[in-house]
Chemist: 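Here it is, the structure, as structure tokens.
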There are 2 protein chains.
Amino acid sequence: MDGRLDSENADSESRTARRRLPPKERRAQIVDEAVRFFAEVGLEGNTRQLAKRLGVTQSLLFNYFATKDELLEAVYEKVYLDRLSPDWPDRLTDRTTPLRSRLLAFYTEYSGLIFERDWMRIFMSSGLAGAVLNRRYLMHLGDVILRPVLAETEALAKGETRPTMEDIWNLHGGIVYIGIRTHIYGMPEPEDPETVIAQSIDKYLLYFGIGPED
Amino acid sequence: MDGRLDSENADSESRTARRRLPPKERRAQIVDEAVRFFAEVGLEGNTRQLAKRLGVTQSLLFNYFATKDELLEAVYEKVYLDRLSPDWPDRLTDRTTPLRSRLLAFYTEYSGLIFERDWMRIFMSSGLAGAVLNRRYLMHLGDVILRPVLAETEALAKGETRPTMEDIWNLHGGIVYIGIRTHIYGMPEPEDPETVIAQSIDKYLLYFGIGPED
DNA sequence: CTTTTTATAGATCATGTGATCAACAAAAGT
DNA sequence: ACTTTTGTTGATCACATGATCTATAAAAAG
């Protein structure tokens, strides 16, 4: 009475009976699905539903994470990790290329990473919930990205008004808001985000009298 | 054994016994507190805790709202209502004053209304939850505020690049992001939001070749 | 003062949800 | 083959939470 017909029974998750996985693998699988799941339904999503999606029992989750909060921590970590590429600080301060090009390259790549439903929604949810990782991420972003950008701008600014961190946050916010609009508020995505980003950067640079070629 | 010493028994809410209020009044009281409550703890906050804050029984809430969702709808309505002053469209299109002054006036007033913890958090929570009122609000904002701003900018723009709705959204987003940063992500508020707003507007106008006095 | 109305409290139900634990079975070791 | 290890299940607990219902008492009506 086994009936191991490993046909795909149309269930998105394979309903094969009791597959044993190495812990590392299973844990990763759980976290992966949890990211998608909690991004969709919010952090209050229940563990039974998540388990069902994974094709495992709910109790199994607690074999890998002592509490739901611990699972959420793992989700945050997975989502936040490697979102800030370590070579950006260097590339942003590489004065052999015009600042405009550097900013454009950065925000093109960065927006490619964060203008994503899962990331945007989990970041916002965890922010609302007051997760420490959220604040840590923003502090880190300020330190390794925005502050260098400020220094680079200062070095080139021509007008009498000197740039401040608020100016960088304003540039940053205007761009990030595109993602918020589309993925949190569910509004239609701009046809050409690249152009919008480029114009944001140009407005910023123009205000401090910095030309496209420095 | 009454001991009605109306000393503060550390309970924030007065524990006066069974006060009978006219329905309208009670309903308003509930919604008011619910706004604060759900803004703090999120939309999953439970009704018992809310009732405790109000100093009434949990069952009373269901005398005024059939379901929790109905209460949340009332919360949204309360929060969204009158957040968009009806005379803004007129003032934004009043060409007897420079566009810069108009924008400055608008965003100073508007930010004064929305850079508020309750509003910001409930707006974001309801946005994440996909509330219809949220989308309606943004559509409305686009129609009665941003679109007119686009028209005004078009009328004055000097460069060859014509402004689009995306430019207005970018201006708007950069400013709104200040509130998101402070009230959702819990980062320190800028010392002088007015200046940041003014600079945002100036960057925007400068990019389209519009001077401070038109 | 007496009666009627109804806002409110208190107890309780039904269900959902995080978490636990003993038993089972799929691998790994011998 | 046999034993050991351990990933996984199924049943279950404990409690939180939305919602219901009846009794009570504060006003209003007479």
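Chain letters run A, B, ... following the sequence lines, proteins first and then strands; every chain starts at 1.
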Chemist: Stepwise, does the salt bridge (Lys or Arg N to Asp or Glu O under 4.0 Å) test hold for A/Arg19 with A/Glu25?
Modeler: CA-CA 12 Å; A/Arg19 262 292 302 242; A/Glu25 225 172 293; 5.6 Å; no
Chemist: Do the side-chain N or O atoms of B/Thr47 get closer than 4.0 angstrom to the phosphate oxygens (OP1, OP2) of D/dG18?
Modeler: yes
Chemist: Counting side-chain heavy atoms from C-beta on, which of C/dA7, C/dT8, C/dA25 comes nearest to A/Arg20?
Modeler: C/dA25
Chemist: Quick one: side-chain hydrogen bond (donor to acceptor under 3.5 Å, both in side chains) pairs with a partner in residues 135-151 of chain A, sequence neighbours left out?
Modeler: A/Tyr110-A/Tyr137
Chemist: Just list the side-chain donor-acceptor pairs under 3.5 Å for residues 34-46 of chain A, sequence neighbours left out, or say none.
Modeler:
from	atom 1	to	atom 2	distance (Å)
A/Arg36	NH1	A/Glu33	OE1	2.9
A/Glu40	OE1	A/Arg53	NH2	3.0
A/Asn46	OD1	A/Gln49	N	2.9

Chemist: When you measure from every atom of DNA chain C, which of residues 59-72 of chain B have a heavy atom less than 4.0 Å away?
Modeler: B/Ser59, B/Leu60, B/Asn63, B/Tyr64
Chemist: Hey, what are the protein-to-nucleotides 28-30 of chain D N/O distances that come in under 3.5 Å?
Modeler:
none

Chemist: Mark yes when over 12 heavy atoms from residues, nucleotides or ligands other than B/Met139 sit less than 6.0 Å from its CE; otherwise mark no.
Modeler: no
Chemist: B/Trp119 versus B/Leu113: any side-chain heavy-atom pair under 4.5 Å?
Modeler: no
Chemist: Atom CG of A/Leu54 and atom P of D/dT8: how far apart are they, to the nearest Å?
Modeler: 11 Å
Chemist: Atom CD1 of B/Ile30 and atom C1' of C/dT8: how far apart are they, to the nearest Å?
Modeler: 11 Å
Chemist: How would you list all residue pairs meeting side-chain hydrogen bond (donor to acceptor under 3.5 Å, both in side chains) that involve residues 164-178 of chain A, not counting sequence neighbours?
Modeler: A/Tyr107-A/His172, A/Thr164-A/Asp167, A/Glu166-B/Arg181, A/Asp167-B/Lys203, A/Asn170-B/Ser200, A/Asn170-B/Lys203
Chemist: So B/Val149 and B/Tyr204, do their side chains get closer than 4.5 Å, heavy atoms only?
Modeler: yes
Chemist: Write down the distance between CD (B/Gln58) and P (D/dA19), rounded to a whole number of angstrom.
Modeler: 9 Å
Chemist: Can you tell me the distance, in whole Å, between the CZ atom of A/Arg26 and the C1' atom of C/dA27?
Modeler: 14 Å
Chemist: Check DNA chain D against residues 35-44 of chain A and give the residues with a non-hydrogen atom under 4.0 Å, in numerical order.
Modeler: none
Chemist: Figure out the CZ/P separation between B/Arg27 and C/dT6, and round it to whole Å.
Modeler: 18 Å
Chemist: Starting at atom CD of A/Gln49, determine the distance to atom C1' of C/dG18, rounded to an integer number of angstrom.
Modeler: 15 Å
Chemist: So, using salt bridge (Lys or Arg N to Asp or Glu O under 4.0 Å) as the criterion, who are the partners of A/Arg83 when residues are at least two apart?
Modeler: A/Glu116
Chemist: At 10 degrees resolution, what angle do the end axes of the helix from C/dC1-D/dG30 to C/dT30-D/dA1 form when each is taken over five base pairs?
Modeler: 10°
Chemist: Output all residues satisfying ring pair (Phe, Tyr, Trp, His ring centres under 6.0 Å) with A/Tyr76, sequence neighbours left out; order by chain, then residue number.
Modeler: none
Chemist: Check every strand shown and say whether B/Pro22 touches a base, only sugar-phosphate, or nothing at a heavy-atom separation below 4.0 Å.
Modeler: nothing
Chemist: For A/Gln29 and D/dT8, give me the distance from atom CD to atom C1', rounded to whole Å.
Modeler: 13 Å
Chemist: Not counting sequence neighbours, which residues clear salt bridge (Lys or Arg N to Asp or Glu O under 4.0 Å) with A/Arg100? List them please.
Modeler: A/Asp202
Chemist: Toward the 5' end of DNA chain C, which comes first, B/Arg48 or B/Leu21, by nearest nucleotide?
Modeler: B/Leu21
Chemist: Is any side-chain heavy atom of A/Arg27 less than 4.5 Å from a side-chain heavy atom of A/Phe65?
Modeler: yes
Chemist: Specify the separation, in whole Å, of atom NZ of B/Lys52 and atom C1' of D/dT17.
Modeler: 15 Å
Chemist: Does any non-hydrogen side-chain atom of B/Leu71 lie less than 4.5 Å from one of B/Tyr64?
Modeler: no
Chemist: Check whether any side-chain nitrogen or oxygen of B/Asn46 sits under 4.0 Å from OP1 or OP2 of D/dA16, and answer yes or no.
Modeler: no
Chemist: What pairs of residues pass the salt bridge (charged side-chain N to carboxylate O under 4.0 Å, His left out) test when at least one of them lies in residues 68-79 of chain A, not counting sequence neighbours?
Modeler: A/Asp32-A/Lys78
Chemist: In chain order, what residues pass the salt bridge (Lys or Arg N to Asp or Glu O under 4.0 Å) check against B/Arg48, with sequence neighbours excluded?
Modeler: none
